[in-house]
Every structure is written in structure tokens, then in C-alpha cells.
Amino acid sequence: MWIADKYIDYVKEKTIEKPEESWGKILLGFKANKLRTKLLPRKDLSQGYQKLEAMMMSFVADSLGKPQSYVWGNIFSPCEIVQCFGLRTLSIECLACYLSGYHLEDYFIDYAQNTGIAPTLCSYHKTFVGAIDSGAVPMPRYAVTTSLSCDGNLNTFRYLEKKKGVPFTFLDVPYGDDEASVDYLAEQLRQFAGRMEEQFGIPFDEEKLRESLRIENETRKALIEFFGLQRERYYPGELISHLYMMMGMHLLVGTREFLDLIRFMIEDIKTYPKFEGKKILWVHLLPFYQESLKQYFNANEKYQIIASDIIIDSMEELDETRPFHALSRKIIRNMYNGSYSHKADMVQRLAETLNPDAVIQFCHWGCKQSSGGSILLKERMQGLGIPMLILDGDGIDKRNSHDGQIKTRLEAFLEMLETAANGDFEEKEQKKVC
């Protein structure tokens, strides 16, 4: 691994020196990592998570190698429509995570702020804006974003259009879950498909969208089945494995390739031993770089993240006969849309289905949505008798996270879980004696 570390240091140094000349080096690293995941898979990870990592590394490396093959989006953008044109959606949040693999997030964030971007903007967006403004990342032909969840979406994409000339579609997602709201967003989605036709000169085929929704329905059912099995079996993965799964469910959902992977994981996990440790349901973003969290959740037989809400943030059965209305309902009913009580309802349903031993919510710095409603969610979990830990930090900017504080709070929480479990056991044993 020292070769990879040396190359990461080299790329960071060269990017800081001349960012406009660094893209070839950055891309070469992505392509090399793609080959590494296929030829030298991690032996400490389950086969399914190995394949997932290889799939997502290939997805990003292959897409970035052909700028005309993708559009930019946020993670809630309708990738199903983009796929109908033989194109891919690259989420700016996920791209920021990949750039942080070169430890460049601090440089790009500072670059963005020094050019006038507000320090309060989400660090994922600042990393992306800094990468674009510095000239380190090339431009695609088109972009699409939604108003869903993050206040920064419209401002970031509007800024890119103004500064770099990348046209984009903005999907205004209503809070209301009524027919008028569904019709309103469905018409926007239809218009977006028309703009894609004009931009890329490729006719839109509605049957392809229907097929994508059929596959997506199967994928969502399969994923819920996998989560249920992961509750019962020890299936070694890493914190970043759940980030890859989130990427797949937002950027590749509706593809046969991703459905086949989930089905493989369902069969593969059945070959692994019974899980005897603590089952964790994760809420919101995954700070994949955090050392303390990696220590406890990377291939650890005592603690296993069995699901994350941001992976399965929509549980909607999609009506393929009305594809634009189906996508409209899916986006509107996403747990990250509307009031936090709506999200709490859906997390509660997920908790009742999976019965975790504990819930951990990570409140990403700068994300009002996650911080503002965490107490409401904790009250819901208390009603179910499920302990919940709220951690504060930054999903990408290491300077906004305090590892010592996270370590102290996490270890105290996990110790409490063990103590509570022992207490329940002792109480049951006393009842047997009586």
C-alpha cells in the first residue's frame, strides 16, 4: 500500500502546484484503483462488498474517463431518466468523496472559500466547487439537481452555470404529497427528458424508463431482504462499504448490473456465520475517514452496521405504467423531503422491520436537516426502546471533526449497550431461578 500512499501524496502536491494540469494524474489514480479492486480484492471483506467496491470504482473511473458520457447531479437526481439516454449520473457529493481520497478536500474547500464561497456552505459542495474553480476537474455538457434535502443544491449548480457555462435543470420538489404536487413534479420530469433529447440529440424511449422502474422495484425488495439477512449474519464490510451501497442505490438503481449484485449478496451472505454482536442502524451521512468509527465498524464481529437510512431513503413501489408520476411520487415521498417528522416516520418503520440494537445518527456540519431533527428521532427510538447516539462532525472535512470526542462518546455508548445487554441477561436468569 505504500506505493498508493506515495502516489496520493504526489498527486496532492502536483494539484496544489498546478491544479489545471492535474486531472490526468487524478484520473490515472482512479483507473489504477479500479484495477486494484478487480485484481487484488480485499481478503478481509466479504465477496459481496468486494464486488460492490469494484463496481463503484469502475463506475466512477469509466465515467470520468469519458466526459461526454455523464451528467452531473446531486444524489437525489433522477438517474433513471438519464440512463434512458445511455448516460450516467455522477453525483457531486460522491465525486467530492472520491477527491478526498487524494486528501485534497481541505485544499479545494479553502480554494472555494478564498474565491468568495460562504464558509457555511456544505463541505461536500465546497470541495466540488473548489475542484471546478481551480480547473482540476473538466466540465460535462449538462447537469441536473433537485431542491430535495439540501439548500445548497440550487446555489451550487447555478454558480457552475454562471462560472463554467454548464447548463442544468432544476427540479423543484414540493413538500405536499397530493395529486397536484405529483402532477407538478411529473411535468418537470417530462420536460427534463425533453431537454436531454435536445442537449444530446438522442430520442427518449419511455419503454426504457418503464423497464428501469421494473428493475428498480425488484432491486428495492432485494435490498430489504439483504438487510434482513445482514441482521442475522456476520458479513464483513467497512464503513465505506455503506457509502458505496448508497452510491449504487442513487446512481445505478434501475440497472440490471446493480440488481444482479444485490442478488449475489443475498446468496453470498447465507454462507457466512451467524452474527452474535450488536446490530446498528445508521442515520444520515457516513464519515468514512473517521478513525474511531473505522476501528469499530470495519469488519468487526462485535458491531455491524446492518443498514443506513440514506441507502433506502425511498420505499416507494413504482407504477411503471405511469413512469413520470411514479418517479415524482418516489422523489416527493423520499424521507429527506418535507418535515423531519416524515423522516422520523420512515426511520421508525425501518427500525421496526430490522430491529437493531441501537441507532447512530451522524449530524454533518452545515446540514441543518440532520441536526435540527435529531432529538425528534431520538424520542421516536426511545418509544421503541432502542438506544440512540447522536454524533457531530463533518462527512468530508477532517478539520471539522474531533476524533477524540467521537471516540469517547462512541465507546461510552457501546459500553452502555453491553452493560444493558448483560443486565437483561441477568434479569432473565433470575426469573428462571425464581
Side-chain angles (χ1 to χ4, degrees), residues 71-89 91 142-150 153-154 157 167-200 202-224 246 248-256 258-259 262 309-339 341-343 345-346 349-350:
V71 301
W72 277 335
N74 70 330
I75 61 169
F76 302 113
S77 299
C79 68
E80 300 93 337
I81 293 176
V82 175
Q83 289 163 5
C84 292
F85 296 92
L87 303 170
R88 296 175 172 182
T89 307
S91 153
Y142 206 71
V144 56
T145 190
T146 70
S147 60
L148 191 60
S149 180
C150 179
N153 285 325
L154 176 58
F157 282 79
F168 76 101
T169 290
F170 174 66
L171 298 171
D172 179 27
V173 182
Y175 278 5
D177 184 12
D178 54 78
E179 284 304 312
S181 297
V182 172
D183 289 343
Y184 170 69
L185 182 55
E187 181 56 30
Q188 292 182 67
L189 292 167
R190 192 179 295 277
Q191 291 175 6
F192 169 55
R195 293 192 191 102
M196 290 287 290
E197 279 188 319
E198 296 171 3
Q199 188 69 31
F200 292 94
I202 301 171
F204 173 69
D205 184 350
E206 193 166 306
E207 180 52 38
K208 287 184 178 180
L209 182 57
R210 293 193 186 97
E211 175 62 16
S212 179
L213 299 192
R214 286 192 285 269
I215 294 173
E216 184 168 343
N217 283 333
E218 294 179 50
T219 303
R220 193 168 288 106
K221 290 175 184 176
L223 185 62
I224 290 293
M246 183 274 289
M249 277 299 292
H250 289 84
L251 306 180
L252 280 173
V253 70
T255 66
R256 181 65 60 180
F258 189 66
L259 172 58
I262 301 300
D309 73 318
I310 204 167
I311 295 173
I312 193 76
D313 52 9
S314 175
M315 303 179 189
E316 196 69 17
E317 180 77 15
L318 303 176
D319 179 6
E320 64 189 68
T321 64
R322 301 184 73 199
F324 290 108
H325 283 75
L327 279 179
S328 176
R329 283 193 173 88
K330 171 194 170 183
I331 296 172
I332 288 173
R333 293 177 181 175
N334 187 290
M335 71 167 62
Y336 282 86
N337 187 45
S339 68
S341 61
H342 169 60
K343 174 175 178 174
D345 289 340
M346 292 185 69
R349 282 174 54 195
L350 194 57

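The basis for the numbers below is simple: all heavy atoms, side chains too, and nothing from hydrogens, waters or symmetry mates. Note that the numbering runs from 1 along the sequence shown for the chain. Since the structure is predicted, the reported quantities are computational estimates derived from the model, not experimental observations.
From E216, atom CD reaches atom CG of L223 across 11.5 Å, with rounding to the nearest 0.5 Å. Atom OG of S77 sits about 7.0 Å away from atom CG of L171, to the nearest 0.5 Å. Rounding to the nearest 0.5 Å places CH2 of W72 at 8.5 Å from CZ of F157. Rounding to the nearest 0.5 angstrom, the gap separating the NZ atom in K221 from the CG atom in L259 is 11.5 Å. Of the inter-residue distances, the one linking E320 atom CD with L209 atom CG reads 10.0 Å to the nearest 0.5 angstrom. Atoms CG and CG, on L327 and L318 in that order, are 6.5 Å from each other to the nearest 0.5 Å.
No side-chain heavy atom of R195 sits less than 4.5 Å from a side-chain heavy atom of Q199. Put simply, the side chain of L87 reaches to within 4.5 Å of the side chain of M196, judged on heavy atoms. Between T169 and Y142, the closest side-chain pair of non-hydrogen atoms falls below 4.5 Å.
For the side chain to side chain contact (heavy atoms under 4.5 Å, CB included) test, residues two or more places apart in sequence or in another chain that qualify with R190 are E187, E206, F324. With sequence neighbours left out, the ring pair (Phe, Tyr, Trp, His ring centres under 6.0 Å) criterion links F168 to no other residue. Looking at residues two or more places apart in sequence or on another chain, you find a side chain to side chain contact (heavy atoms under 4.5 Å, CB included) between R88 and F59, D62, S63, Y70. For D309, the side chain to side chain contact (heavy atoms under 4.5 Å, CB included) partners two or more places apart in sequence, or in a different chain, are V283, M335, Y336, K343, V347. With sequence neighbours excluded, no residue forms a side-chain hydrogen bond (donor to acceptor under 3.5 Å, both in side chains) with T219. The ring pair (Phe, Tyr, Trp, His ring centres under 6.0 Å) test applied to F170 returns no partner, not counting sequence neighbours. In this view, E207 and R210, R214 satisfy the salt bridge (Lys or Arg N to Asp or Glu O under 4.0 Å) rule, not counting sequence neighbours. Applying the ring pair (Phe, Tyr, Trp, His ring centres under 6.0 Å) test to Y175 and every residue at least two apart in sequence or in another chain returns nothing. Every residue two or more places apart in sequence or in another chain that forms a salt bridge (Lys or Arg N to Asp or Glu O under 4.0 Å) with E80 is listed here: K330. Remark: D183 engages no residue in a salt bridge (Lys or Arg N to Asp or Glu O under 4.0 Å) (not counting sequence neighbours). The salt bridge (Lys or Arg N to Asp or Glu O under 4.0 Å) check on D205 picks up nothing, with sequence neighbours excluded.
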Acceptor/donor pairs from residues 248-256 side chains to any protein atom, 3.5 angstrom cut, sequence neighbours excluded:
residue, atom, partner, partner atom, Å
H250, ND1, M246, O, 2.8
H250, NE2, D313, OD1, 3.4
H250, NE2, D313, OD2, 2.8
T255, OG1, L252, O, 2.6
T255, OG1, F258, N, 3.3

For this session: Could you walk me through whether L189 and H325 pass side chain to side chain contact (heavy atoms under 4.5 Å, CB included), step by step?
Result: CA-CA 9 Å; L189 292 167; H325 283 75; over 6 Å; no
Exercise. Going through the distances and angles, do F76 and I331 end up as a side chain to side chain contact (heavy atoms under 4.5 Å, CB included)?
Worked result: CA-CA 8 Å; F76 302 113; I331 296 172; 5.8 Å; no
Exercise. Given E197 and F85, is the side chain to side chain contact (heavy atoms under 4.5 Å, CB included) satisfied, shown in steps?
Worked result: CA-CA 8 Å; E197 279 188 319; F85 296 92; 3.7 Å; yes
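Between the side chain of S147 and the backbone N or O of V173 there is at least one donor-acceptor pair closer than 3.5 Å. Distance alone, capped at 3.5 Å, is enough to place a donor-acceptor pair between the H342 side chain and the N334 backbone. Using modelled atom types, one side-chain atom of R220 and one backbone atom of S314 make a donor-acceptor pair closer than 3.5 Å. Under the 3.5 Å distance criterion, the side-chain polar atoms of N337 are matched with a main-chain donor or acceptor of P174.
Remark: the T146 side chain and the N74 side chain contain an N/O donor-acceptor pair separated by less than 3.5 Å.
Residue G176 comes nearest to S181 through the heavy atom pair O-CB, 3.0 Å, listed as atom of the first residue, atom of the second, then distance. Smallest separation of non-hydrogen atoms from E316 and N217: O-OD1, 4.1 Å. Of all heavy-atom pairs between Y184 and D172, the closest is OH-OD2, 2.8 Å.
Shown are D177, D178, D345; of these, the salt bridge (charged side-chain N to carboxylate O under 4.0 Å, His left out) with R333 is made only by D177.
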